[in-house]
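Each ligand, and each atom within it, is numbered from 1 in the order the structure gives.
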Amino acid sequence: MSMNYFIYTYGCQMNVHESEKLAGILQARGFMPCENVEDADVIVLNTCCVRETAETKVYGHLGRIKSKKKQGSIIVVCGCMTQQNGAAERLVKRCPFVNIVIGTFNQPRLGDYLDRFILTGTRIIDVWASEKDGNVDELASPVRSSGINAWVNIMYGCNNFCTYCIVPYVRGRERCRPIDDIIADVDSLLSQGYKQITLLGQNVNSYKYADKTFTDLLQELESDSKYRLKFMTSHPKDVSPKLAQIIYDSKVLSHSLHLPVQAGSDRILQAMNRHYTRDEYLTKIAAFRDLLPDIGLSSDVMVGFPTETEEDFEQTLDLVERVKYNNLFMFIYSQRSGTPADKMPQLDYDTKQNRIDRLIKFQFEISKELAAQSVGKFAEVLVSDKDGNKCYGKSETDAAITFESDTAAIGDFVRVKITASKNANLSGEVV
Ligand code: SAH
Ligand code: SF4
Ligand code: F3S
């Protein structure tokens, strides 16, 4: 009888990819993925704690899993949430049915912990205090489940300590992988047929290995074979005008940039410890647009940071209006224990809710307007999904486009004319 596993993944792409590595460890031990958590012998929750909502979800899920899991199944909790101050202790007290708790630095050891638990039946709680014993080797070969796209870590951790953010505390200091390892991974993935590679790091622009920088890495990944290269996330303080030139010259890089601004007010940006002003940000955006007028821009924006006034918020709206992002990820600031912003004077719930509602409406109109403007233009869509003859994919500027085709297959690059827009959604026809 086969042994099954089920993995729940919360949070960012970093976690999505780490779950692929956990799946690799499990499959190497003979476990197979299953569709329903009820059938799983091993249930893994790979958690996130970037906002309070993420944590509430994990506890809710644990409660539901407890009532439907089959008898004797092993429950593993890992990922960022376990790494927070006191979180692992709270978790094991609150959820006695959780068998194994692992931190972010020792995730590659899942296999050893499972073996030990199966042998002894003794609960294992092992959360390391820092990355010092960890390494930047990719110990597990991932079982990839992101279709045509393959994620590749180029670095781990973060040194920036934005005052609202928990990530540096739960992921440790910045560690960069050797450039040759990254290049070898990408080469191997391309020869396996992946059509898109996304490089991952909390701040890819600060990648450094020996004397090589992020832009050197991008140049090394240039290729005559057809594929699309993306990266995330960029930090406005470290992004260089050279990057715009490299995208412009490249045959493989996506003409898109995710450049999280967080806020439009200089006072708030300073309180967030972001190390740039709104003018510096807008100047960088202008440099990209000068060279790449059609570049797809996206960003993360937060409302309700401690002490944010109506005027500060209006500065955010103003910046969003000036940039006109194609895609915007909008968040309500969430207090994270242990971060400096947690100790600052907080805003009330209604004010934060009112601001996020206004921002969402504001951006909706911009997305709609930009989508309408792209009707009549041409795009090269990389097909990532197909249902009947309906194809879905992203353009070279990262716009999502649907079109119909009997012949196009997943993984094809298809030239399409954009014929209609509905809200922010685009549809087109093969040309
Ligand atoms: N390293 C990336 C992503 C970090 S987390 C970066 O610097 O952009 C992704 C997003 O979550 C952040 O960009 C931020 O907008 C949001 N975020 C982080 N901490 C938050 C908090 N305490 N409350 C609400 N949103 C938060
Ligand atoms: Fe968090 Fe800032 Fe690091 Fe991004 S750059 S992970 S927002 S501390
Ligand atoms: Fe990602 Fe959440 Fe951790 S956003 S790095 S999974 S706290």
Side-chain angles (χ1 to χ4, degrees), residues 7-19 22 45-58 77-85 87 103-105 107 131 151 153-175 199-207 231-239 257-264 268-269 271-276 281 298-306 308 316 320 325 327-344 346-347 352-353 355-356 359:
I7 304 179
Y8 287 98
T9 306
Y10 310 79
C12 64
Q13 281 75 13
M14 201 67 80
N15 258 20
V16 170
H17 183 39
E18 254 150 38
S19 286
L22 296 172
L45 283 84
N46 191 10
T47 63
C48 169
C49 58
V50 78
R51 285 170 287 274
E52 200 186 354
T53 42
E55 264 183 85
T56 318
K57 255 196 234 159
V58 172
V77 180
C78 60
C80 295
M81 197 187 107
T82 65
Q83 204 69 52
Q84 267 181 292
N85 217 346
T104 57
F105 306 120
Q107 229 148 249
E131 73 283 6
W151 310 104
N153 281 107
I154 65 167
M155 61 209 293
Y156 296 94
C158 181
N159 289 348
N160 289 319
F161 290 96
C162 302
T163 54
Y164 50 81
C165 187
I166 196 78
V167 172
Y169 304 91
V170 297
R171 289 279 176 176
R173 296 294 67 70
E174 218 167 83
R175 290 95 74 199
L199 307 176
L200 288 178
Q202 294 298 351
N203 178 7
V204 289
N205 317 101
S206 69
Y207 175 85
F231 51 83
M232 64 190 316
T233 299
S234 294
H235 195 302
K237 78 176 163 62
D238 297 315
V239 87
L257 183 68
H258 180 63
L259 198 61
V261 69
Q262 311 300 355
I268 295 294
L269 286 171
M272 287 176 162
N273 193 32
R274 291 290 289 179
H275 295 284
Y276 54 85
Y281 182 89
S298 60
S299 187
D300 296 346
V301 170
M302 208 184 290
V303 302
F305 183 82
E308 183 189 70
T316 296
V320 165
Y325 294 105
N327 207 354
L328 193 59
F329 300 90
M330 297 164 270
F331 307 106
I332 295 181
Y333 164 76
S334 174
Q335 263 179 287
R336 302 284 69 199
S337 163
T339 62
D342 185 39
K343 303 272 190 308
M344 299 177 188
Q346 304 291 318
L347 265 58
K352 293 198 272 190
Q353 197 59 50
R355 287 181 189 162
I356 194 86
L359 178 62

Give me the nearest non-hydrogen protein atom to [atom] as residue plus atom name, then the distance to 0.1 Å.
| atom | answer |
| --- | --- |
| atom 5 (S) of ligand 2 | Asn160 ND2, 3.3 Å |
| atom 7 (O) of ligand 1 | Arg274 NH1, 3.9 Å |
| atom 1 (Fe) of ligand 3 | Cys12 SG, 2.3 Å |
| atom 3 (Fe) of ligand 3 | Cys80 SG, 2.2 Å |
| atom 3 (C) of ligand 1 | Gln202 OE1, 3.7 Å |
| atom 10 (C) of ligand 1 | Asp300 OD2, 3.4 Å |
| atom 4 (Fe) of ligand 2 | Gln202 O, 4.5 Å |
| atom 2 (Fe) of ligand 2 | Cys162 SG, 2.3 Å |

Which ligand 1 atoms are under 4.0 Å away from a heavy-atom of [X]?
| X | value |
| --- | --- |
| Ile332 | 23 (N), 24 (C) |
| Pro260 | 8 (O) |
| Tyr333 | 23 (N), 24 (C) |

Closest approach of Cys158 and Val167, non-hydrogen atoms and distance?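 What the structure gives for the nearest pair is CB-CG1, 4.5 Å.
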
Out of curiosity, is [X] lining ligand 1, as in a heavy atom under 4.0 Å away?
| X | result |
| --- | --- |
| Val50 | yes |
| His235 | no |
| Thr339 | no |

Ligand 3 atoms in contact with Arg171 (distance to a heavy atom under 4.0 Å):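 Answer for ligand 3: 5 (S).
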
Using a strict 4.0 Å cut-off to heavy atoms of Asn15, name the atoms of ligand 3 that fall inside it.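 Going through ligand 3 atom by atom, the ones under 4.0 Å from Asn15 are 6 (S).
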
Of Leu45, Thr53, Val50, the residue whose pairing with Tyr10 passes side chain to side chain contact (heavy atoms under 4.5 Å, CB included):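 Among Leu45, Thr53, Val50, the one that satisfies the side chain to side chain contact (heavy atoms under 4.5 Å, CB included) with Tyr10 is Leu45.
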
Name the one of Glu174, Gln202, Arg173, Glu18 that satisfies side chain to side chain contact (heavy atoms under 4.5 Å, CB included) with Tyr156?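 Only match with Tyr156 under side chain to side chain contact (heavy atoms under 4.5 Å, CB included): Glu18.
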
Enumerated ligand 2 atoms positioned under 4.0 Å from heavy atoms of [X]:
| X | answer |
| --- | --- |
| Phe161 | 8 (S) |
| His235 | 5 (S) |
| Val167 | 6 (S) |
| Cys158 | 3 (Fe), 5 (S), 6 (S), 8 (S) |
| Cys165 | 1 (Fe), 6 (S), 7 (S), 8 (S) |

Is it the side chain (CB and beyond), the backbone, both or neither of [X] that lies under 4.0 Å from ligand 1, heavy atoms counted?
| X | result |
| --- | --- |
| Tyr164 | both |
| Gln262 | side chain |
| Ser334 | both |

Residue portion contacting ligand 2 (non-hydrogen atoms closer than 4.0 Å) for Pro168: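 The answer is the side chain.
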
Between Tyr164 and ligand 2, which residue portion shows a heavy-atom distance shorter than 4.0 Å: side chain, backbone, both, or neither?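 Under 4.0 Å from ligand 2, Tyr164 contributes side-chain atoms alone.
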
Tell me whether Arg336 has any N or O atom under 3.5 angstrom from an N or O of ligand 1.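 Looking only at distances, the answer is no, because the N/O contact criterion of under 3.5 Å is not met.
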
With respect to Thr233, determine whether any N or O atom, backbone or side chain, lies less than 3.5 Å from an N or O atom of ligand 1.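 In this structure, Thr233 places no N or O atom under 3.5 Å from an N or O of ligand 1.
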
Side chains of [X] and [Y]: does their closest heavy-atom pair fall under 4.5 Å?
| X | Y | result |
| --- | --- | --- |
| Ser206 | Met155 | yes |
| Val303 | Met330 | no |
| Arg336 | Glu55 | yes |

Are a donor atom and an acceptor atom from the side chains of [X] and [Y] found within less than 3.5 Å of each other?
| X | Y | answer |
| --- | --- | --- |
| His275 | Asp238 | no |
| His258 | Ser298 | yes |
| Tyr164 | Arg274 | yes |

Determine whether the side chain, the backbone, both or neither of Gln202 has a heavy atom under 4.0 Å from any heavy atom of ligand 3.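 The side chain, only.
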
Working to the nearest 0.5 angstrom, can you tell me the gap between Ser337 OG and Lys343 NZ?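 One gets 6.5 Å once the value is rounded to the nearest 0.5 Å.
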
Counting only heavy atoms from other residues, nucleotides and ligands, does the tally under 6.0 Å from NZ of Lys237 exceed 12?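 Yes, enclosed.
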
Count the heavy atoms of every other residue, nucleotide or ligand shown that sit under 6.0 Å from CG of Asn273, and state whether that count exceeds 12.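 Enclosed: over 12 neighbouring heavy atoms sit under 6.0 Å from CG of Asn273.
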
Which option out of His258, Gln13, Arg51 puts a heavy atom nearest to atom 16 (C) of ligand 1?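 The option holding the nearest heavy atom is Arg51.
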
Quick one: does Arg274 get a heavy atom under 4.0 Å from ligand 2?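 Under 4.0 Å: yes for Arg274.
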
Check: [Y] main-chain N/O paired with [X] side-chain donor or acceptor under 3.5 Å:
| X | Y | value |
| --- | --- | --- |
| Thr104 | Val170 | yes |
| Thr47 | Met81 | yes |
| Ser299 | Leu259 | yes |
| Tyr8 | Val58 | no |
| Asn205 | His235 | yes |
| Glu52 | Gln335 | no |

N/O/S atom of Cys48 under 2.8 Å from atom 2 (Fe) of ligand 3, yes or no?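 An N, O or S atom of Cys48 is closer than 2.8 Å to atom 2 (Fe) of ligand 3, so yes.
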
